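Quick notes on the structure that follows.
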There are 2 protein chains.
Amino acid sequence: MNLPTLRQLHYLVTVVELCHFGQAAERCFVTQSTLSTAIQELESLLGVQLLERTKRKVIPTQLGIELADKAREIISMTESLVLDAQIDRKPLSGELRLGVIPTISPFLLPKVLPGIRSGFAELELYLLEDQTHNLLERLAAGELDCAILALPFDLGGLEYQVFWQENFLVAFPADHPLSQGGPIASQKLPGNELLLLEKGHCLRDHALAVCHMKAMAKRASFQGTSLYTLVQMVAGGQGITFLPEMAVDDDFLAQNQIAVRPLAEKGPHRELCLVWRTAYHRKSDLALLADCMRGLLAASYSQKAK
Amino acid sequence: MNLPTLRQLHYLVTVVELCHFGQAAERCFVTQSTLSTAIQELESLLGVQLLERTKRKVIPTQLGIELADKAREIISMTESLVLDAQIDRKPLSGELRLGVIPTISPFLLPKVLPGIRSGFAELELYLLEDQTHNLLERLAAGELDCAILALPFDLGGLEYQVFWQENFLVAFPADHPLSQGGPIASQKLPGNELLLLEKGHCLRDHALAVCHMKAMAKRASFQGTSLYTLVQMVAGGQGITFLPEMAVDDDFLAQNQIAVRPLAEKGPHRELCLVWRTAYHRKSDLALLADCMRGLLAASYSQKAK
DNA sequence: AAATTTAATAGGAAAAAACGATTTATGAAT
DNA sequence: ATTCATAAATCGTTTTTTCCTATTAAATTT
């Protein structure tokens, strides 16, 4: 359908209001001829008469008045669209779709979400927990605004900000021969007792990378679906596993018969980062979010230390 | 405020929907470069980013989606404005502001309004009763769409259509010496007994014009405010007066002790017409209305004759 | 009758919109 | 790794639209 322009509608509104082409033109900051022609074109486009005019007088027709009312509404909606566009968003407000990998999510979120929620009350977080490659796919598709992942990982052309570093620990059943002592080198671990997360979890790859053992993966006797179930199995004496520091700090470990020892290998073993598309339009919000999480994490640990 | 054009909004809606400049351009029947530039200008006008784009992919921002929704609404309102403009009005429908002079109104309207109302159910008549010059003033100001007047009268540049003709009668008290007989010449009337409507009523001037007596007006003993009161006075024996045929036909005469005689002077003494501005946009409606009134009047009289 | 007001119109200048061609960047395929 | 294909941005040009100035024509007022 052939639509009139907003300018034409504005001219109509003004001339209907003033009933005078010259004055209306002045108010619209154009000449009378411009206005006159514009109204004629509008009338011809609509195929109706909007104004009854002699050389002396202008009287809007009934239809002209009705359409001017509608036009006013349209213009005012457009103005409100412009205003809507220009409301300065507070930092970290509105919807934010955040993906988190499963080996970070249950340990990180309880530590930082309360602080984020209270610091940015107008932020509406939509959380999605999935493995790294799925998160990256959704991120690329625009279904997520950002994601929390663990490095090292090839992020392609994505931008990111590291906000935390941590090492891995080895978890033994409390009564395991190796359960006591300080840092332990990964070569000394009984490979055949090693329980690992199923494929796709980056924690599995990271842990194996730290230990320089790719082959050993094959020997792993069980592939767990989550760190929680894995820990249950360790507590049950069915093997040993790697845990990130975050998890060890967690309450749920305390309730199980488990002992942990640091890995002797130099860290940091993994880095937590917030990732986003290069073209993402609210990068500053995300940088702020990452900073905020670092701060909250640090606060959380220093509090536990007391 | 600087507003975006409807065209820009339409481009935005399309590109947000398709997430692809090329396809959106095709759907809008323009080239990709046109669309690309238009969106950039819109973004710059609004001062915000509406689309997140790489060379490969387009993802609307949250704001882009919201504004596209608003834009859709604005466009659809504009479309509905165009449609509203193009609904073919039924003949004689909608508002019509009609002025009628007091010496026609009470006699004509009861005869024609029921027929008009039933024939044109969607017509909303707004009636105003006033003297000719006031009606013409309001007509010129656009406060009335048309008016029913009596000719002869100088209507200036107005257009009109005569729909009825009638003569004047003389009304006597039933017991007046001249009350009986056929046509009577105005010279034989007792000028000092003549009761007339106050100045401004065209009936007064018309009657005097028919009788070729201007001077006689000065002798008129009383100036009535309406034909009804005038008739009451005649019935009370206080004098004689002129009445248009329409009024004589009316029921209210029968209830009074009044006799009427035609004037000997050749008619028609006055013509009833519908007047409108030359530039008025619904002339055909008014011509139809006039025709309709003629028909209804004729029907009304032929029915009385039976 | 002359002067004034006001909408329409004509012609030309300025601005905006659109196009075609090219460039640049990014995935995908070889 | 190189080439190919895709897609958005950009550049220069053409077309279209918009607007302006000046004038005309009609209707009032002086």
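Protein chains get the first letters and strands the later ones, always in sequence-line order, with residue 1 at the start of each. All figures in this text were calculated on a predicted structure; none of them were measured in a lab. Hydrogens, waters and symmetry mates are skipped; everything else that's a heavy atom, side chains included, is used.
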side-chain contact (heavy atoms from CB on, under 4.5 Å) assessment of A:Cys19 paired with A:Ile59: CA-CA 6 Å; A:Cys19 288; A:Ile59 301 172; over 6 Å; no

Protein proximity profile, nucleotides 11-17 of chain C - base contact B, sugar-phosphate-only contact S, no contact -, cut-off 4.0 Å on heavy atoms: ------S

With sequence neighbours left out, write down each residue that passes side chain to side chain donor-acceptor pair (under 3.5 Å) with [X], or none if nothing qualifies.
X        : value
A:Gln40  : A:Ser36
A:Thr103 : A:Arg270
A:Gln86  : none
A:Glu129 : A:Ser105

Which residues in [range] have at least one heavy atom lying under 4.0 Å from any atom of DNA chain C?
range                       : value
residues 273-281 of chain B : none
residues 19-31 of chain A   : A:His20, A:Phe21, A:Gly22
residues 43-54 of chain A   : A:Arg53, A:Thr54

For B:Leu46 and B:Leu67, run side-chain contact (heavy atoms from CB on, under 4.5 Å): C-alpha distance rounded to whole Å, both residues' side-chain angles, the deciding distance at 0.1 Å, then the answer. CA-CA 11 Å; B:Leu46 297 178; B:Leu67 294 192; 3.8 Å; yes

Bending between helix ends of the helix from C:dA1-D:dT30 to C:dT30-D:dA1 [5 pairs per end, 10° resolution]: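 End-to-end axis angle for the helix from C:dA1-D:dT30 to C:dT30-D:dA1: 10°, rounded to 10°.
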
Expressed as a whole number of angstroms, how long is the span from A:Gln40:CD to C:dT6:C1'?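 Rounded to whole Å, this separation is 14 Å.
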
What is the separation between atom CD1 on A:Ile39 and atom P on C:dA7, rounded to the nearest whole Å?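 Whole-Å distance recorded here is 11 Å.
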
Check whether the side chains of A:Asp145 and B:Gln62 place a donor and an acceptor atom closer than 3.5 Å, and report yes or no.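 No.
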
Going by the side-chain contact (heavy atoms from CB on, under 4.5 Å) test, name the single residue among A:Leu289, A:Leu144, A:Asp285, A:Leu127 that passes it with A:Leu96.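 Single side-chain contact (heavy atoms from CB on, under 4.5 Å) partner of A:Leu96 among A:Leu289, A:Leu144, A:Asp285, A:Leu127: A:Leu289.
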
Is there any salt bridge (Lys or Arg N to Asp or Glu O under 4.0 Å) pair reaching into residues 22-41 of chain A, and which pairs are they, with sequence neighbours excluded?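 Found A:Glu17-A:Arg27.
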
Going 5' to 3' along DNA chain D, which nucleotides are the first and last within contact of chain B (any atom under 4.0 Å from a heavy atom)?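 In short, chain B contacts DNA chain D from D:dA5 to D:dT10.
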
Salt bridge (charged side-chain N to carboxylate O under 4.0 Å, His left out) partners of B:Glu66, counting only residues at least two apart: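 Listed in chain order: nothing, the list is empty.
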
Atom CD of A:Glu137: over 12 foreign heavy atoms under 6.0 Å: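 Check fails, neighbour count at 12 or below.
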
Applying salt bridge (charged side-chain N to carboxylate O under 4.0 Å, His left out), run through A:Glu159 and A:Arg277 and close with a yes or a no. CA-CA 6 Å; A:Glu159 286 183 4; A:Arg277 295 180 299 276; over 6 Å; no

Please determine if B:Arg89 and B:Glu95 form a salt bridge, counting it only when a charged side-chain N lies under 4.0 Å from a carboxylate O.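 Not counted as a salt bridge, because no side-chain N and carboxylate O are separated by less than 4.0 Å.
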
Determine, stepwise, if the pair B:Leu81 / A:Leu3 fulfils side-chain contact (heavy atoms from CB on, under 4.5 Å). CA-CA 9 Å; B:Leu81 178 148; A:Leu3 293 183; over 6 Å; no

Quick check: does any side chain N or O of A:Gln49 sit under 3.5 Å from a backbone N or O of A:Leu51, one acting as donor and the other as acceptor?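 Checked: pair present.
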
